[in-house]
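Proteins come first, then strands; the chains are lettered A, B, ... in the order of their sequence lines, and each starts at number 1.
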Number of protein chains: 2
Amino acid sequence: MNQRQPEPEHRPSSPRRGKDGDGAERHEAIYRSISDAIIEHRLKPGARLREDALSEVFGVSRTGIRKILQRLALEQLVTLTPRRGASVTRPTADEAKDVFDARQMIECGLMPEVARRITEEDVQELRTMARREREALRAGEQSTAIKLSAAFHARLARISGNATLADFVDRLCSRSSLILAVYGNAGHLGCESHDHDDLIGYLEAGNGERAAAFMSRHLKAIEASLSIVEEADEAPDLHRIFGG
Amino acid sequence: MNQRQPEPEHRPSSPRRGKDGDGAERHEAIYRSISDAIIEHRLKPGARLREDALSEVFGVSRTGIRKILQRLALEQLVTLTPRRGASVTRPTADEAKDVFDARQMIECGLMPEVARRITEEDVQELRTMARREREALRAGEQSTAIKLSAAFHARLARISGNATLADFVDRLCSRSSLILAVYGNAGHLGCESHDHDDLIGYLEAGNGERAAAFMSRHLKAIEASLSIVEEADEAPDLHRIFGG
DNA sequence: AGGTCATCTGGCGTATACAATGAAGGCCAT
DNA sequence: ATGGCCTTCATTGTATACGCCAGATGACCT
């Protein structure tokens, strides 16, 4: 009944494996590993990602790593400088503003349709996600909380039925995680309190307008909690600093 | 004469040029060549894009072609099926609806900010683009007109100053070109008449609300002009056809 | 002593070669 | 004659090897 794929043992240490279980799935797994590590801030903005180091860690050759890195670059999670390699993107203040403005427009605009389409099943799943997020936050697992928060917003957008916009929201949420890593204050993380639960309530009641307004405030609150101080590490302007 | 050769540039007779002027720019040029060919409908949806054929045409090895193909796949201009190769994406009716809904939300939502930020210089450039588009349309150069129309919308979005949303609009416009290729009626192309000129007028007057409403109607008109008849070439449902 | 230049090295970019897989066509059996 | 199976081929996917450029370090000159 189950045609078992010859996958059960993967040899991580042996680079000499002629037969690979399923390359595509393996690549997808590696992609998610790196993506999660970035979103969870285990890889901090500015961290360099050397190709052969990654290829050795994951047991695939540089070719596959390059493909994954390029995909991440197109999603703007990593920056690829022409002959210097890959590094985790360090968002600028302008990019942060753009991302949150975009989220305002898209996520709020999606709320009415979400309220129209949401099912009881969706509500259950969202409540579970919100609960897990709160638990993680209470347990001090900020990395997990950030990831769950992004996943919540992404899941919400997908209910709208518009796959294209949902994909956009996915990417905006990923980038928001990066922005929180750079500009967020520790201990004052976004999406705290019971905002997500309240939002679910409005959606469950079918009140799309209210949900949109609430989402707007929610995002504004997150953005306002950022301490966007453009660190002018470039050209520190010694004259101004030392009064010269 | 149907024998189209998408060879934009000569190929230097020697494929063995180890000394390349600039690889990155060359790749970018190839990317734009293929992208333009798709947007201009010189490569029609469903057309297969074999890697070695492309590599031979452009004089680079398959490695570079793969990178470009994957980038196009992430932008959903080409579809990459696991071991069958690349082909120009054939959008489904659902995708078409999603894309136009997304354009409604983003492009209309951007209009107020565009009206606020637009400069005299922008106005001049947009008018030039609109004029060239009309000229192309009148000359019967549909390919050029489609490309210029997409470029107009993309340029408009970029005035908003939000690079992230402008990138989204870029991709939506590219995909719209594909959609027009599949579902559009010949001779009744979108963005005809003087819609674009009227839009520029509203923006120049700083009337963002009016511009947004006009853009909404404009996009609705394009979408309405499509003949979305889902050709069920997949699984013709012989039972129903033959009453079996 | 400080600045500048040459050299050296580490890492990326590209091309080529090999292996695996899906598709198509031919052959045989019924 | 037709349907199923097997062989063959074409095409992608992956790995490896080589070349080039940027950064760093050290020495030499001013």
Listing time: all N or O pairs from protein to nucleotides 22-25 of chain C that are below 3.5 Å?
unit_1, atom_1, unit_2, atom_2, d
C/dA23, OP1, B/R84, NE, 2.9
C/dA23, OP1, B/R84, NH2, 3.1

Under 3.5 Å, which N/O atoms of the protein pair with N/O atoms of nucleotides 6-9 of chain D?
none

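Looking only at distances, a side-chain donor or acceptor of A/N162 sits under 3.5 Å from a matching main-chain atom of B/D98.
Straight-line distance from the CD atom of B/E51 to the P atom of C/dT14: 15 Å, rounded to whole Å. Taking atom CG of residue A/D52 and atom P of nucleotide D/dT16, one finds them 13 Å apart after rounding to whole Å. Straight-line distance from the CZ atom of B/F58 to the P atom of C/dT14: 16 Å, rounded to whole Å. Nucleotide C/dA15 holds its C1' atom 14 Å from the CD1 atom of B/I30, rounded to whole Å. Note: CG (A/L49) to P (C/dG10) measures 20 Å, nearest angstrom.
Applying the side chain to side chain donor-acceptor pair (under 3.5 Å) criterion to B/K67, with sequence neighbours excluded, gives no partner residue. Under the rule for a salt bridge (Lys or Arg N to Asp or Glu O under 4.0 Å), the partners of A/E40 that lie at least two apart in sequence or sit in another chain are A/K147. Every residue two or more places apart in sequence or in another chain that forms a salt bridge (Lys or Arg N to Asp or Glu O under 4.0 Å) with A/E113 is listed here: A/R116, A/R117. Residues satisfying the ring-ring contact (aromatic ring centres under 6.0 Å, His included) criterion with A/F152, sequence neighbours excluded, are A/H196. Partners of B/R71 under the salt bridge (Lys or Arg N to Asp or Glu O under 4.0 Å) rule, at least two apart in sequence or in another chain, are B/E28, B/E75. Qualifying side chain to side chain donor-acceptor pair (under 3.5 Å) partners for B/E125, counting only residues two or more places apart in sequence or in other chains: B/R155. For A/S227, the side chain to side chain donor-acceptor pair (under 3.5 Å) partners two or more places apart in sequence, or in a different chain, are A/N185. When the side chain to side chain donor-acceptor pair (under 3.5 Å) test is applied to A/T128, no partner is found at least two apart in sequence or on another chain.
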List the atom pairs, donor and acceptor, that lie under 3.5 Å between side-chain atoms in residues 172-181 of chain A and the rest of the protein, sequence neighbours left out.
unit_1, atom_1, unit_2, atom_2, d
A/S174, OG, A/D170, O, 3.2
A/R175, NH1, A/Q76, OE1, 2.9
A/R175, NH1, B/T164, OG1, 3.2
A/S176, OG, A/R103, NH1, 2.8
A/S176, OG, A/L172, O, 2.9
A/S177, OG, A/C173, O, 3.3

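Contacts of residues 61-68 of chain A with DNA chain D (heavy atom under 4.0 Å): A/S61, A/T63, A/K67.
Taken to the nearest 0.5 Å, the CZ atom of B/R66 stands 12.0 Å off from the CD1 atom of B/I68.
For the pair B/H27 and C/dT14, the criterion of a side-chain N or O lying under 4.0 Å from OP1 or OP2 is met.
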